[in-house]
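Presented below is the structure to which this report refers.
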Amino acid sequence: YCCRCCCDDHSSYNLIISLQTINLKADYKYMLVNRYIKTLIYHENQITQIYGIYNVFRFIIQTGSILTPALLSIQHIFEGDQPNVIYWVTWIISLIVGLLANYITLFGLDKKYFTYEKSYYLLVSYGWQYMQLSGKYGKPKDDTILPTHDNMFVQFCNDIENLLLKEALSITNSMKDKTGTSTKTPRSKIDKNGNLFKSTKVKSK
């Protein structure tokens, strides 16, 4: 019961329950679970882990930024022949704050968190629209055909794959910018049909 209550807050659990009630081919359900549901669970885990690490780092950075000037203001109280404890404590706090701030930028924790969170909510929205046959999955191109889970499955998979491809390109490009990769490298783009291609712009000399 406790495990179920914990899972109720996750969209993957609710979507799995709803998946059992829709009329869909067995092979389609297999692909839906192995691709879509597993991707959704992966995003949930990534958001939880990155969110925890990012918040801990930010909490230490903010706390250390406030403690450093406060400790320096009372440093003169301990001046004398004894080792200045306040000086070394302040130095250690400043070092930790600098390292953690650098790690956030180095590993792109903030960028990854917001990217995964955006993709996660889009995945959830696409999933519920498909389950309910609403939104973009409630209006097929041919108005004479009623929308069903079977004939909307290909469009749903196409939307999911395009979303994951954009997410991967966004994270890759952000990491390239941090490592100082040359901007002359052609960037991958996605056309309106969901096809991947590379730009061929050449700068004039």
Side-chain angles (χ1 to χ4, degrees), residues 2-13 35-126 160-190 196 198-199 201 203:
C2 293
C3 293
R4 183 173 180 178
C5 289
C6 293
C7 292
D8 283 344
D9 294 333
H10 295 282
S11 296
S12 58
Y13 175 81
R35 179 57 174 171
Y36 173 69
I37 298 298
K38 287 186 177 180
T39 301
L40 198 64
I41 294 174
Y42 170 79
H43 279 73
E44 289 177 350
N45 294 333
Q46 287 294 108
I47 291 173
T48 302
Q49 294 173 7
I50 296 176
Y51 181 76
I53 296 173
Y54 178 71
N55 276 345
V56 169
F57 281 16
R58 291 298 301 172
F59 175 80
I60 296 175
I61 291 172
Q62 295 296 329
T63 305
S65 300
I66 296 174
L67 288 178
T68 300
L71 292 174
L72 289 175
S73 64
I74 61 173
Q75 182 179 354
H76 64 279
I77 299 176
F78 299 91
E79 290 179 354
D81 297 334
Q82 298 296 328
N84 195 335
V85 179
I86 297 296
Y87 170 81
W88 290 110
V89 171
T90 304
W91 182 82
I92 292 174
I93 293 176
S94 301
L95 181 62
I96 293 175
V97 167
L99 288 174
L100 294 184
N102 193 27
Y103 291 156
I104 289 177
T105 304
L106 178 63
F107 296 108
L109 296 179
D110 50 350
K111 176 67 175 180
K112 288 182 179 179
Y113 172 73
F114 293 119
T115 301
Y116 282 130
E117 187 180 40
K118 178 182 177 181
S119 299
Y120 172 74
Y121 285 117
L122 287 175
L123 286 170
V124 173
S125 178
Y126 289 165
I160 297 302
E161 294 302 324
N162 288 337
L163 175 62
L164 296 178
L165 183 58
K166 291 179 182 178
E167 175 192 290
L169 292 176
S170 176
I171 295 177
T172 302
N173 291 332
S174 65
M175 297 306 294
K176 285 182 178 180
D177 294 338
K178 287 182 175 61
T179 55
T181 305
S182 175
T183 56
K184 294 183 180 179
T185 303
R187 292 178 178 268
S188 300
K189 295 183 179 180
I190 304 174
L196 178 66
K198 292 185 176 181
S199 60
K201 289 184 179 180
K203 293 185 178 180

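Side-chain atoms are counted along with the backbone in the values below, which use heavy atoms only and exclude waters and symmetry mates.
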query: How far does CD1 of I50 sit from OG1 of T115, to the nearest 0.5 angstrom?
result: 9.0 Å
message: For K111 and S170: C-alpha separation, side-chain torsions, deciding distance, then whether side chain to side chain contact (heavy atoms under 4.5 Å, CB included) applies.
response: CA-CA 9 Å; K111 176 67 175 180; S170 176; 3.6 Å; yes
message: Whether the side chain of N45 engages the backbone of I41 through a donor-acceptor N/O pair (distance < 3.5 Å, no angle test) should be reported.
response: yes
- request: Kindly determine whether L164 and H43 satisfy side chain to side chain contact (heavy atoms under 4.5 Å, CB included), including the steps that lead there.
  value: CA-CA 11 Å; L164 296 178; H43 279 73; 3.9 Å; yes
statement: Distance col, row N102:CG vs F107:CZ, nearest 0.5 angstrom, shows 9.0 Å
- prompt: Any sub-3.5 Å donor-acceptor pair from Y36's side-chain atoms to L123's backbone N or O?
  reply: yes
Separation between CD1 of I160 and CG of L165, rounded to the nearest 0.5 Å: 13.0 Å
- request: Over 60° means perpendicular and under 30° means parallel, so classify the ring planes of W91 and W88, tilted if in between.
  value: perpendicular
field: Shortest non-hydrogen separation from G64 to V97 and the atoms involved
entry: CA-CG2, 3.7 Å
- line: Value for CD (Q49) from NZ (K112), rounded to nearest 0.5 Å, stands at 11.5 Å
message: I'd like to check the side chain to side chain contact (heavy atoms under 4.5 Å, CB included) partners of Q62; sequence neighbours left out, ordered by chain and number.
response: R58
- prompt: With T68, which residues qualify under side chain to side chain contact (heavy atoms under 4.5 Å, CB included), at least two apart?
  reply: L72, T90, I93, S94
query: Using the ring of each side chain (for Trp, its six-membered ring), is Y54 parallel, tilted or perpendicular to Y113, with breaks at 30° and 60°?
result: parallel
statement: The reported gap from CD1 in I60 to CG in L99 (rounded to nearest 0.5 angstrom) is 11.0 Å
statement: Heavy-atom nearest pair, L163 first then S119, reads CD2-O, 3.8 Å
message: Applying salt bridge (charged side-chain N to carboxylate O under 4.0 Å, His left out), can you list everything that pairs with R35, at least two apart in sequence or on another chain?
response: E161
Any donor-acceptor N/O pair, S125 side chain to Y121 backbone, under 3.5 Å: no
field: Separation between CG of L100 and CG of L109, rounded to the nearest 0.5 Å
entry: 10.0 Å
query: Is a donor on one side and an acceptor on the other found under 3.5 Å between the side chain of S73 and the backbone of A70?
result: yes
